[in-house]
Amino acid sequence: MERRAFLGSLAAATVLPRFSTAALDPLFRTRIAKVGIQLYTVRDLLKADFEGTIAKVAQTGYREVEFAGYFDHTPAQVRAVLDKNGLLAPSCHVGYDNTAEDKWPATLETVKAVGHQYVVCAWIPEESRKTADDWKRTCDRFNKAGQAAQAAGVQFAYHNHNFEFAPLAGGQVPYDLLLAGTDSKLVQLEVDLFWITFAGADPVSYFMKYQGRFPMVHVKDMIKKPTPAATPEQVMVDVGKGSIDWKAIFAHSGHAGIQHYFVEYDQPPQPLADIKTSFDYLNGLEF
């Protein structure tokens, strides 16, 4: 199920230095203090058993979760389940339609009630991203949404796929238009490290150019494409089982401003086993 349809139906504070003299120690390493998960990964299990699945996620070792829908649970019920399992939910995904001026206040009210710090637009529909002018209108929309979110005490952000890196007819790269056309204080970015890699772009170059703008990342791995036309489903794998150089990317977490690392797997063959594999890898990763 596409994320858009699914949603429609419904710094570096977490990286702990081993030594305080990190800059002087060539053997200095950091680790992710709280590995998180985007719950879209286990959406079918949540639909069948919301509370039981949240408990299993916590038992796997995850300490942070990012929502993509609440499965008919009220904010109070969601918070109770999180508290019961010792989980934090710093972020949630919402659909593009939710950022409309007539829907945004109610969306922010729910976000605040659950206790999220970030509200992330997960997708831009195709009809709203065909031209540079479309992207400029989206930037204006996001700036307004970000301003309202800031007034409510929440940070607005946007989550990418691969289409943001496909040049438009005039040669402009949409992701670049988005970064240039939005206020960095109002609109931050959650980089999906699979999609940016799948598109052939370099996340580190963006981290260095737009430092501090990427408080969250989605962590999912990919094998090298067997052909240029390979589909995402053909190459997406558990974190640590693919070709993405996580150490090289996360070595720049400080430049990026990453505070939250969320595992995600769009179509996991064995959801609970797959999230454990990814957790174990990231929980032990030093960079």
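- The closest side-chain donor-acceptor pair between Gln38 and Glu66 falls under 3.5 angstrom.
- The NZ atom of Lys225 sits 8.5 Å away from atom OG1 of Thr227, with the distance rounded to the nearest 0.5 Å.
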Could you go through the salt bridge (Lys or Arg N to Asp or Glu O under 4.0 Å) check for Lys220 and Asp266 one step at a time?
-> CA-CA 9 Å; Lys220 51 193 182 193; Asp266 292 14; 2.8 Å; yes
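- In summary, the aromatic rings of Tyr40 and Tyr265 are positioned with their centroids too far apart to meet the 6.0 Å limit.
- The heavy-atom pair separating Val235 from Ala230 by the smallest distance is CG1-CB, 4.1 Å.
- In this structure, Glu264 and Thr41 approach most closely via the heavy-atom pair CA-OG1, 3.3 Å.
- The structure places CZ of Phe163 at 9.5 Å from CH2 of Trp195, a figure rounded to the nearest 0.5 Å.
- Tyr261 and Tyr118 end up in different hydrophobic clusters when Ile, Leu, Val, Met, Phe, Trp and Tyr side chains are linked at under 4.5 Å.
- Under the 4.5 Å side-chain heavy-atom criterion for ILVMFWY residues, no single connected hydrophobic cluster contains both Leu178 and Met216.
- The 12-atom threshold is not exceeded at CD of Glu109, counting heavy atoms of other residues, nucleotides or ligands nearer than 6.0 Å.
- One side chain, Tyr206 or Asp176, offers a donor N or O that lies under 3.5 Å from an acceptor on the other.
- A heavy-atom distance below 4.5 Å is not found between the side chains of Val120 and Val94.
- Between the side chain of Ser91 and the main chain of Gln117, no donor-acceptor pair closer than 3.5 Å is present.
- To the nearest 0.5 angstrom, Lys56 atom NZ is 11.0 Å from Leu46 atom CG.
- No side-chain donor-acceptor contact under 3.5 Å links Ser278 to the backbone of Ile275.
- Aromatic ring centres of His218 and His93 lie closer together than 6.0 Å.
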Full working for side-chain contact (heavy atoms from CB on, under 4.5 Å) between Val237 and Phe194 = CA-CA 10 Å; Val237 293; Phe194 170 90; over 6 Å; no
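- Note: Phe50 and Tyr70 fail the aromatic proximity criterion, with ring centroids not under 6.0 Å apart.
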Yes or no on ring pair (Phe, Tyr, Trp, His ring centres under 6.0 Å) for Tyr158 and Phe142, after CA distance, side-chain angles and deciding distance?
-> CA-CA 9 Å; Tyr158 175 70; Phe142 283 178; 5.5 Å; yes
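- Proximity of Lys34 to Leu88: side-chain heavy atoms (C-beta onward) are separated by under 4.5 Å at one or more points.
- Across all non-hydrogen atoms, the minimal contact from Lys241 to Asp221 is N-OD2, 3.6 Å.
- Atom CD of Gln270 is surrounded by 12 or fewer heavy atoms from other residues, nucleotides or ligands within 6.0 Å.
- If you run side chain to side chain donor-acceptor pair (under 3.5 Å) between Thr182 and each of Gln188, Arg213, Arg141, only Arg213 comes through.
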Could you go through the side-chain contact (heavy atoms from CB on, under 4.5 Å) check for Cys92 and Val111 one step at a time?
-> CA-CA 8 Å; Cys92 71; Val111 168; 3.7 Å; yes
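- The closest side-chain donor-acceptor pair between Ser128 and Asp134, if any, does not fall under 3.5 angstrom.
- Every residue two or more places apart in sequence or in another chain was checked for a side chain to side chain donor-acceptor pair (under 3.5 Å) with Trp104, and none qualifies.
- By the 4.5 Å heavy-atom criterion applied to side chains, Thr60 and Leu272 are not counted as neighbours.
- Counting non-hydrogen atoms of neighbouring residues, nucleotides and ligands closer than 6.0 angstrom, the CG atom of Asp72 reaches no more than 12 such neighbours.
- For the pair Val217/Asp192, no side-chain contact is recorded, criterion being any heavy-atom separation below 4.5 Å from C-beta on.
- Contact of the Leu39 side chain with the Ile54 side chain is registered, since non-hydrogen atoms from C-beta on lie closer than 4.5 Å.
- Atom CZ of Phe214 sits about 5.0 Å away from atom CG of Leu189, to the nearest 0.5 Å.
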Yes or no on side-chain contact (heavy atoms from CB on, under 4.5 Å) for Val119 and Leu108, after CA distance, side-chain angles and deciding distance?
-> CA-CA 8 Å; Val119 55; Leu108 291 176; 4.2 Å; yes
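- With contacts defined as side-chain heavy-atom distances shorter than 4.5 Å, the pair Ile124/Thr138 qualifies.
- Atoms CZ and CZ, on Phe71 and Arg43 in that order, are 8.5 Å from each other to the nearest 0.5 Å.
- Inter-residue side-chain proximity for Pro90 and Phe262 is flagged as met; some heavy-atom pair is nearer than 4.5 Å.
- Contact record, Leu193 with Pro203: CD2-CB, 3.7 Å, taken as the closest heavy-atom pair.
- For Tyr62, the side chain to side chain donor-acceptor pair (under 3.5 Å) test picks out no residue, with sequence neighbours left out.
- By the rule that hydrophobic residues join a cluster once side-chain heavy atoms approach within less than 4.5 Å of another member, Leu186 and Phe156 end up as members of one cluster.
- To the nearest 0.5 angstrom, Arg63 atom CZ is 6.5 Å from Leu87 atom CG.
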Intermediate values then yes/no, side-chain contact (heavy atoms from CB on, under 4.5 Å), Arg31 and Glu286 = CA-CA 5 Å; Arg31 298 178 69 172; Glu286 294 185 341; 3.6 Å; yes
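- Of all heavy-atom pairs between Glu164 and His159, the closest is OE2-O, 4.1 Å.
- Within the 4.5 Å cutoff, the side chain of Asn160 has no heavy atoms near those of the Trp123 side chain.
- Within 6.0 Å of CD on Gln77 lie more than 12 heavy atoms contributed by other residues, nucleotides or ligands.
- For His116 against Val154, the heavy-atom pair with the smallest separation is O-CG2, 4.2 Å.
- Counting only residues at least two apart or in different chains, side-chain hydrogen bond (donor to acceptor under 3.5 Å, both in side chains) contacts with residues 78-90 are absent.
- Side-chain heavy atoms closer than 4.5 Å link hydrophobic residues (I, L, V, M, F, W, Y) into clusters, and following such links, possibly through other members, connects Val187 to Val191.
- Looking at Lys276 and Asp238, no side-chain N of the basic residue comes within less than 4.0 Å of a carboxylate O on the acidic one, giving no salt bridge.
- Using modelled atom types, one side-chain atom of Lys112 and one backbone atom of Ala152 make a donor-acceptor pair closer than 3.5 Å.
- With Phe287 as the aromatic partner, Arg29 does not meet the cation-pi criteria of under 6.0 angstrom to the ring centre and within 45 degrees of the ring axis.
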